[in-house]
Amino acid sequence: MIENRVLLTTPTYPYPTLPANDSLTDATGQRFTKGDDIFTLISHTHCYANHILAQNINKSATLLEYPRWNDFKREVDKGYNIIGISAFPPHLDNVMKMCEYIRDKSPDTTILLGSYAAQAFKAKYDEETQKRYVDHVVKGEGVEFLRKFLGEDIERPIEQRLMPKCGGAPWFINKYPIGNVGFVVTGLGCPGGCDFCSTTEMFGFKRIELLSPKEFVSHIYSYHRHFSDVRLIFAIEEDHFRHPEYLFETKKYWESSPKVVETLDWLAFGSVDNIYNFAEKYGWETIAEIGVGAIFIGVESKFAGEHGYTKRQEVDAREVFDKLHSMGIRTLGAWVCGWDFHDHSNIYEDLNYFVACYPTFQQLTRLSPFPGTVLYEKMMEQNRVRDVPWEDVHFWSGAQENISLETHETLNLTEYGYDLLYKTWGPSILRKLDVTLNGYEFCLKSDNSIMRDHKSLFFKHQAAILWTAIEAMDRFAPNGVVRRRVRKTDEKYRRLIGEPTPIMKYLQKIIESRAKKFKIKNLLDPFNRYPKEEPFKKYIYDKDKSMKDQTIPYKTIEPTKKPFAMKWTKVQFLVLAQILKMIRTFKRKKSDRKIDDYIIETVKRRNFIAF
């Protein structure tokens, strides 16, 4: 029995697909850029919960990420004393199968189940059933539980050192995007009390701070120093703007490194009223000055405030979105279909209100009673929860019996909403270019020298990369309205930044050519037929002297053979980067050195922008 090492794992493949045949692990494809035709981004992600656990215990740990069944069996058969599984509700059938195998092959192993699967599992099954599969259902913050379980100090700070990066890109540019998005968790839980929210209930209706403002910015700087490709830090928190003092304190740390400001920004979470209240107290420009480049905003519904959701009672969401966009802050708007107040008299009004917010990215989901939430308990009392398989317990679940809408309607309405956003505003990368140009103009007029001299350069570089897709977006615009928006955005770029450089124009033609080939292929063989699958990776956290002083606290083992197409893509972009260098040399009089150097390095590294 292995007693000096813990095994942590995600569920084994194969994974179920979502209702529209989307991948469970492709966040940009399943929601944030869904419906954008060939401009939909494909992305990859990692299981950060397990990495945080592995980094914060004194025992060594082996972490399996997306193992196949044989990979999992091979590791379990080594005989670990403790095995922890982190999962979401759609995986529970497979998780229980994994637990059965552990019980059979290693009966003395202690099994821990965590994350939102634990919350759902605990709510759905009685204690006897739970014990049949799992020894401890870990609901809430897992580091404290695991430290206490192992007899370790629970008071020491929680580390989150340089976890694996995620990333995304349009399929036709790079089907295998590199990691350019870092990840940290600043806090867990929320005192807001929304009845549908799993996180609120999971962490006891309160906020648990994991990183102080100083620690948070320090982690961002660490990504900048050690992972030069990172362009965004995804900072998990239910609502940063509910804690304004915390947010404001980050400003003094953020502005201390202009080079970081030139290179990356970070994504915050917020609600409409709390963002507005923060801006009223500290000024709108402060949001931009603390490094926030994007905000996930729960709009939920135009009518949410009238029905008890206090975060949506004070201000018009469209005004907040517009103000953020004017400063170059991208928005990831979230809308929910299927509230009890939704009927045929107001559902389209509600949806079009959300579309009018002009979100840069979007998440449209159904109201889903997740087991363990307040909403779930209320719906169960009303006998309004359908018995659906675990694989259908997610953001688009049909588990709820609606009052006025048919079950298929709510799913169709979310699909229609994605399509409406695309046909109204164009793809997310066009909206991002538009907002980025706003940011560049805002910075040039700013009284803050950090914004004027450094953040403006960040926006200029980002806009130049995004502009290279302008011809592809023009050619494949879904209608004349969007095509005109593409051309107006092109005019806006030229007015604010100037004539695109020769290498930008050349790269534009390459991207258009790739888009044409992909479009033809997609007509005959739609990319939606092939939901994204993640490769199996193993991470080794050794707590001996060999890893103690290492910057990256783990070793990565990649048993999955990389496909030839992935290697060939890398070669193609290296060659393209060399061609761009030659064009810059021959046409140096028309070159903008900073823009061209940035683009060449971006192509060389295949570092296209996701968020």
Side-chain angles (χ1 to χ4, degrees), residues 20-22 28-42 168-173 299 302 318 321-322 325 330-335 337 347-364 409 411-438 463 465-495 500 508-509 511-529 608-609:
N21 204 44
D22 296 317
T28 57
Q30 67 177 227
R31 40 185 160 149
F32 300 147
T33 65
K34 181 178 171 64
D36 283 357
D37 193 36
I38 65 168
F39 304 103
T40 298
L41 306 183
I42 183 173
W171 282 64
F172 68 89
I173 293 179
V299 176
K302 177 182 180 179
R318 293 169 296 187
F321 275 68
D322 185 62
H325 294 155
R330 310 176 297 280
T331 53
L332 204 165
W335 181 79
C337 180
I347 186 65
Y348 287 99
E349 177 187 350
D350 201 345
L351 177 57
N352 277 289
Y353 174 86
F354 177 71
V355 172
C357 290
Y358 184 49
T360 320
F361 304 94
Q362 60 275 328
Q363 174 179 292
L364 291 83
E409 277 187 287
L411 180 59
N412 288 347
L413 282 161
T414 60
E415 293 291 304
Y416 169 68
Y418 284 112
D419 188 57
L420 183 60
L421 280 157
Y422 177 55
K423 290 180 177 176
T424 302
W425 304 121
S428 284
I429 58 172
L430 175 63
R431 290 174 250 162
K432 180 175 179 180
L433 174 56
D434 181 39
V435 171
T436 299
L437 290 169
N438 290 345
I465 287 292
L466 291 163
W467 182 90
T468 60
I470 207 89
E471 197 65 28
M473 290 189 286
D474 183 281
R475 178 177 291 277
F476 296 114
N479 52 48
V481 172
V482 171
R483 185 166 289 111
R484 184 173 185 272
R485 289 186 56 78
V486 173
R487 295 180 181 183
K488 286 295 182 182
T489 306
D490 179 31
E491 291 175 11
K492 186 175 179 179
Y493 180 92
R494 294 168 191 267
R495 172 174 60 82
Q508 178 194 62
K509 294 300 180 184
I511 288 176
E512 183 190 14
S513 174
R514 293 177 75 93
K516 285 192 284 189
K517 291 176 183 176
F518 187 82
K519 184 73 172 179
I520 292 168
K521 181 185 177 186
N522 189 58
L523 287 172
L524 300 174
D525 192 17
F527 64 85
N528 180 256
R529 292 183 65 203
F608 292 95
I609 303 155

Quiz item: For R475, which residues count as a side-chain hydrogen bond (donor to acceptor under 3.5 Å, both in side chains) partner, sequence neighbours excluded?
Solution: E512
Quiz item: Who pairs with R529 by side-chain hydrogen bond (donor to acceptor under 3.5 Å, both in side chains), at least two apart in sequence or on another chain?
Solution: D525
What residues form a ring-ring contact (aromatic ring centres under 6.0 Å, His included) with [X], not counting sequence neighbours?
X: F172; answer: F39
X: F518; answer: F527
X: Y358; answer: H325, W425

Could you pull out all residues at least two apart from [X] that satisfy side chain to side chain contact (heavy atoms under 4.5 Å, CB included)?
X: K521; result: none
X: N528; result: N21, D22
X: A356; result: R318
X: S513; result: K517

Quiz item: Partners of K423 by salt bridge (Lys or Arg N to Asp or Glu O under 4.0 Å), sequence neighbours excluded?
Solution: D419
Quiz prompt | salt bridge (Lys or Arg N to Asp or Glu O under 4.0 Å) against D350, all qualifying residues, sequence neighbours excluded | solution = none
What closest approach, in Å, do [X] and [Y] show between heavy atoms, and which atom pair accounts for it?
X: I347; Y: L413; answer: CG1-CD1, 3.6 Å
X: A463; Y: L437; answer: CB-CD2, 3.9 Å
X: D36; Y: G426; answer: OD1-O, 4.5 Å
X: T414; Y: C337; answer: CG2-CB, 4.0 Å
X: A169; Y: F608; answer: CB-CB, 4.3 Å

What is the distance from atom [atom1] of [X] to atom [atom2] of [Y], rounded to the nearest 0.5 Å?
X: T436; Y: R431; atom1: OG1; atom2: CZ; result: 13.0 Å
X: R487; Y: D474; atom1: CZ; atom2: CG; result: 4.0 Å
X: Q30; Y: Y418; atom1: CD; atom2: OH; result: 8.0 Å
X: Y422; Y: L430; atom1: OH; atom2: CG; result: 10.0 Å

With a 3.5 Å cut-off and sequence neighbours excluded, list the donor-acceptor pairs that the side chains of residues 465-473 form with protein atoms.
unit_1, atom_1, unit_2, atom_2, d
W467, NE1, D490, OD1, 2.8
T468, OG1, I465, O, 2.5

Self-check item: Cationic N near anionic O, under 4.0 Å, R494 to E491
Solution: no
Quiz item: Salt bridge or not for K519 and D37, using N-O below 4.0 Å?
Solution: yes
Practice problem: Scan side-chain atoms only and decide if K492 and N438 contain a donor-acceptor pair under the 3.5 Å cut-off. | Solution: yes
Any donor-acceptor pair under 3.5 Å linking the side chain of [X] with the backbone of [Y]?
X: R31; Y: L364; answer: no
X: Q362; Y: F32; answer: yes
X: T40; Y: K34; answer: no
X: T33; Y: T28; answer: yes

Self-check item: side-chain contact (heavy atoms from CB on, under 4.5 Å) assessment of V435 paired with T331
Solution: CA-CA 9 Å; V435 171; T331 53; over 6 Å; no
Exercise. Would you check if D434 and R485 make a side-chain contact, meaning some heavy-atom pair closer than 4.5 Å?
Key: yes
Exercise. Would you mind reporting whether V299 and F321 have side-chain heavy atoms less than 4.5 Å apart?
Key: yes
